[in-house]
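Notes for the one structure printed next.
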Amino acid sequence: MKAAARVSRRIPVGPGIARFVRRNAWTLGIYGLFVAVMIFTISIHPNYGPYEIESLVVGALPLAFAAAAQACVVIGGGIDLSIGAMMAVANVLAARYMLHHDFQTAVLISLLILVGGILAGSLNGLIAVRTRVPDIVVTLAMSFVWGGVALLILAKPGGGAPDAFMALSSGNLFSPWVPNGLLLLIVVVSLVWVPLRLGRLGLAHYAVGSDRTAAFRRGVRVGPTRVFSYALGGFFAACGGLALMMSTGIGSPLAGTIYTLSGISAIVLGGVSLAGGRGGITGPIVAAFVLTLVPADLILTGTDPNLGQVIQGVLLVLVVMAGGLAPLLRARAIQRRVQAG
Amino acid sequence: MSDANVLLETRGLSKNYGAVVALRSGALSVRAGEIHALMGANGAGKSTLVKVLTGDVTPNAGVILLDGHEVRFASPASARKAGLASVYQDVSLVPLLTVAQNLRLTGTAMPAIRPWLEELGLEDVDLTEYVRDLPAPTLHLLDLAQALAALPRLLILDEVTATMPADLSERVFRVARRWRSEGRSVVLISHRMTEVKALCDRATVLRDGTTVGVVDMASSGQEEIVSLMLGPAAASVVVSEGAVADTAPAPRVEQTAALEVRGLRSGVLQDISFTLRRGEVLGIVALEGQGQADLFECLSGNRRPDAGEILVQGKTRRFRHPHDAIGAGLVLVPADRALALLRQRSVLENIALPMVNRLSRWGLINSGAERRRVRTAINRLDIDTRAGSRVMRLSGGNQQKVTIARWLATGFLTLLCFDPTRGIDIRTKEQIYRVLRELAASGSAVLFFTSEMPEIQLAADRALVMFAGRVVAELSAHDATEAALLRAAHGLSRAAAAEAS
Amino acid sequence: MSARATGMRSGRWTVLQGQLRDRPSLVLVGVLLLLVLVIGVTRPGTVGPTWVANTILFAAPLGIVAAGQTLVMLTAGIDLSVAAVMTAAAYVAASQSYFGSIRAVILALAVGLVVGLLNGIGVAIFRVQPLIMTLGMGLVVSGVLLVYSLKVSPEGPPNVPDIVRTLGSGKVLGFVPNSALLWGAIATIVIVGLRQTGYGRLIYAIGDNPVACRLAGVRGWLVQLVTYVICGFLAAVAGLVLTGAINGADLSLGDVSLLPSVAAVVIGGTSIYGGNGGYAGTLVGALILTVLSSLFTLLDAPDPLKQILYGAIVVLLAAVYVRTAGDTG
Amino acid sequence: GGGNTSTGGSKKYVVGISNTLTGNGFREEMICSIKAQAKASGVVSKIITANRTTDPSGQIADVRNLISAGVNVIVMNPSDRSALDTVIKEASDKGIVVVTVDQGVTSSQAYQLYNNQVKYAQLGADWLFKTLGGKGNVVEMRGINGVSADADRHNGFMQTLAQYPNIKVVKETFTNWSLDPAAQQIKDILGSGLKVDGIWTSGIDSTVVDGYTTAKKPYVPTIGADNDGFIGQLINLKAQGLGGAAVTNPPTVGGAGLSLGLAVLQGKSEPHLVNLDPQIWDNVSSSGLSELQNHYDPTLNAYYSVSYQVAPWTTYTKADLIACADL
Ligand SMILES: Nc1ncnc2c1ncn2[C@@H]1O[C@H](COP(=O)(O)OP(=O)(O)OP(=O)(O)O)[C@@H](O)[C@H]1O
Ligand SMILES: Nc1ncnc2c1ncn2[C@@H]1O[C@H](COP(=O)(O)OP(=O)(O)OP(=O)(O)O)[C@@H](O)[C@H]1O
Ligand SMILES: [Mg+2]
Ligand SMILES: [Mg+2]
């Protein structure tokens, strides 16, 4: 009688931890992968130390930001193919206007550039929302626009920034084992993403990515929220452009182009669903580190560089394949448990 | 309409989607303290009227008066603030958020919703579960609880009971009555005439997007409402519900078994066995979650059972994919049309989906033959194909019909229908009963689960009642009264079941 | 009771809109003609039979690779390995021409088939995300090609085989490019195939709702597998046509076609979420992109401005398209 | 530093290569020349290559990884003039010899060996404008907009142009150093009815000449690079009216760079900057024509650079270069 009246079809779940693991399996998986790759790296390179860690962080920083940017947009139900180009714009702006200035001015300029990134992202979002043109078309077209803008600002690689500014990513403040770049990444993510994730806006962001109609009926303002997700993407893209500035010390109008596609592989690897509404940004960021470590390992092991590309491609596919198998096995396990219970 | 008691009034509301006029002239007047039914055939524009009223879509023309003042809502949220809350036909909770997060999104406070969750029997629901992991009836109830938490003056329920078995529907009605007793109003949309008659005070009837009349439930008969809904010409064709079994061709149940199930186990399903003969319509009755879904999944080849055998025409079959089941002549009409339809494709493509390869010669589809078969199926179920270039633009009921029409066009040996009349208007229901009878008469077999117990006597030759994954009773159509079925479905008549077998 | 007729009282515009909604590629054709008009006005004397032939000549490889891309995107997938396949097919053909044209062409096409098959197996059977599968496959193909190119270089000069050159840049009757005929044949097969064959229907069906397909007895994995194989094959054909058109092959030949192959499809109105669209739109999309780049070659403006203009025009086109054809969501 | 292993008395060095553009004929030939030179030198034990398409930031990471891998000399094609200075300094501080080839860097620690790109453009442009009699319409077909080498060449081109007031640039295009855009652009230009008297290309040359051939238009004087296909055209199409000149831009600077780096490792004192002066071989003068004929090899790829050696640095055989033989 009691059983008959029960409404919810409850999938038997273990205690809270088990469910947490089940829900975040992919993200935990990518952390695990990172640890595994790291262990492998240290095993082939016994002298792995602060220098190598700094190399890793400096190398991964732009991709990490690009992945964070793409993750924000994709979680909100869109996609932004102009993130690389926006990174280039931020990069050349920084290089052009920071040249011959002191550290304070450089920081001020970077703040302005971050605002600019937000505006640029918002423009992408506004166009997509207003014209109702599919996001992929709008942002593909905008990648040409931002690419052109970058060339207008700086026709060829050049410019510069004060050394102190560059040390923001490459030096170390507390311990040689903790490069500034890592701190920077952690600070930016925890200042921007964490409050967002906890607040109602973050909820709206995920809701719109999951199902626009339902979100609208729940009282979410769909248009502004979508624009917001692009604005956030623009912000992180600007961070990425500045990170490029910090690692290279120059501006290049073509700097960011490779990060659009690699950013997308990072988010997929990092557990963001391209259909929207699912995933976070820590997964993609860790994935960015994995994607930076793998080529490094290929160099360290002295692998034939031509095969290196092949290995990377195969690895990418295998990881995602393994990730796809996990839920399948889980579903089987649940089914078995249902029968037992 | 100089009724002082009027809470909400609309005049001349209209809405078109491109060339499709979904709502032509919607007039609705709801008094404070009444339960008002909104009736009409599938595609009449009921849901559209609700959406327009609550700011879910913007109307092309018309006015909405609340307490005599003109209002216009930009979104369901602003309608909710003004005291209008709606539970829509298609569930509108965000699938990838947890229930609790959905509540937060609307700004519903836990203390406000707690009593309603209890009232609706949802206290067991885990609020930290993802919405997409919960079944549709639970979601509709959650949606309702949330609407109630806002204490709206007007509560709109668009076919929320369509997905629910009787016990759950009753909870919804209890709330509706309570709302009325507190001087607030409810607008109810349902295709179940008995529900409407039992519950509602008045009804507004829509036909082809236009309000064609308002009737007093106490003083008007079913025929009057049906003739308003269907128009004078069509109404004469329709006979009253009870007549179907009499006028339809007599069943010629043969002794050859079309389908035999032996000791099947899967999910909730515990060791189930029965035989379905050719020419027979076998009904299955159960409350929510008693294993009926698992049964249909296994029979349709969508899931591999853990134990047991399925025999088709005496031969044991193992289905690894629905393709195998279909090859053996077992076809499924699932409960959830979202599972069955290609939303962006045309009605024709949806109906022809299983048979495209069969209709091809040298790789090219024989479009003449295809059109003929599809057209026949469409006509047989009278599907409104005005918005047929994309199935998602059809009204809910017409979408449901497409899922059945598919198999009529394709052909089969045994039809597995899971709640085939869910959300279907009264005339079509009769058409479907009749079609089921006709199919049986022509030698097919039909197994159908229904959440509406009275349907058993209208369409089935025999009924099995399931409880906790087992068959607990087998009743002939004659004995399968609603009361008897309900008793058995609650697991109260094991003794009776023992007697029967 | 037959189904109710479509006839509704509505203005002429609504009727027109209804028509355009069902045939969105008409809007695109309008856009294309407009662009041609712009060229004709800004550079009188340019637009003529030769120009048309040349434009089609360069649109053909793009149009052919975008045909495969359309099929894949209709199944809600994407193929990012097409660029690598184009390059590989062209390079293999050129490096093998030494052993005879036929063998070279067959080997080149085999590259496309094999890569398509691997993509298909990954996506359809192992359920790898199409984007990742094809991205990874693209890396693998170009890596292997690099190794191959270093291995074969001593065997003889990479030389575009004669039949490929005839195919890519030859003309019939003096002005109809052979590649246009090939493209036309492929286009006909794809358009008719999508509309009139069971397989075509199933491509849409899989892209729209794989669960519904399964319940209707459709073996979706087979449809997906075949689609990726066809896409790989068409990419190889496109690579051959391209290498024939420019009479040369290098290790990055196809790279420039990757983004346009996706752009032509989306501009042509095919949804990236699958189940909706068609090749007619893509075909016009490929022509539009080619005419646009032609326009920009002829335009006298600084390059950055051209890029900005290019992006702006594409957004504008798409916006006009969405307005007239109605929202497709 | 260190990491040297002594085998059989002779020093064995580990060589690191950093390249940031894959699938590009020039770069592949450059890497092959490094390998061939490593083999020819007899003192290299291992080559570690960081070769992928990336940007300065990625190259910095690659070079750091090479440092970690314990190389003794790094030969790199720098993706930027100044971005790599810091990492070059890091390498030098660890005793690693860094040689940048093909393009220059601002670092003072690096050994640099590259072709003068400004001069490259000037040589070709000057020959072209002179051939046209200082008067006429020319097309400038550049490389990739926003890249230093392209900007340098454009500067050189413009400097020469300034000396010829009656030469008019009627069209400036970016070929992106790819065949497809170049082919399309030349077809568009030929179809537009624009009067063109000469063409300067930044290296995508034989494709442009092919455009003229298929369009059946009379050839105009054309400038290209030392690519085998173009060299062949200059020789074989001379009779059909093709005049033109090839300017050298040897990818074999890679091998030369390694040679320089190994010399430094072995304690020789070498200059920090070796500037290769490009040469121009036209098909009009007899000296030019004989250079063209000396270098032409009909068995090679159209875009294979025929500057097989960089004297006096490279010591490998042409066969080893073409075979791209590993150690
Ligand atoms: N988005 C849309 N685009 C085009 N046509 C639509 C759309 N939504 C609804 N329609 C059409 O409007 C008409 C009315 O639909 P509506 O959903 O209001 O019917 P209903 O009365 O609720 O039917 P049911 O009882 O089947 O739910 C139908 O013909 C339907 O096809
Ligand atoms: N005479 C019939 N009566 C009832 N149902 C039939 C009849 N003929 C075929 N069917 C049904 O139609 C479905 C499709 O038939 P068929 O096997 O010919 O399709 P198909 O596309 O050729 O399948 P396959 O992929 O195996 O080649 C079958 O599953 C069967 O259930
Ligand atoms: Mg409805
Ligand atoms: Mg068959």
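Below, all heavy atoms of this structure are taken into account, side chains as well, without hydrogens, waters or symmetry copies. Quick note on labels: first sequence line is chain A, next is B, and so on, each numbered from 1.
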Original post:
Hey, mind stepping through B/Asp294 and B/Arg265 against salt bridge (Lys or Arg N to Asp or Glu O under 4.0 Å) and telling me if it holds?
Top reply: CA-CA 9 Å; B/Asp294 303 290; B/Arg265 296 169 68 108; over 6 Å; no
Subject >> Six-ring centre of A/Tyr206, A/Arg197 cation under 6.0 angstrom, axis tolerance 45° >> reply: yes
Original post:
Cation-pi between A/Arg217 and B/Tyr88: NZ/CZ under 6.0 Å from ring centre and within 45° of the ring axis?
Top reply: yes
In terms of heavy-atom proximity below 4.5 Å to chain A, should [X] be classed as side chain, backbone, both, or neither?
X        : result
B/Lys51  : side chain
B/Ala74  : backbone
B/Thr108 : neither

Original post:
Below 4.5 Å, heavy atoms only, C-beta onward: do A/Val188 and A/Phe236 meet side chain to side chain?
Top reply: yes
**OP:** With the side chain counted from C-beta on, respond yes when A/Leu291 and A/Leu316 share a heavy-atom pair under 4.5 Å apart, and no when they do not.
**Re:** yes
Between [options], the one whose heavy-atom pairs under 4.5 Å with chain A are most numerous:
options                      : result
B/Ala286, B/Pro95, B/Ser75   : B/Pro95
B/Arg104, B/Gln101, B/Glu123 : B/Arg104
B/Leu269, B/Asp56, B/Leu97   : B/Asp56

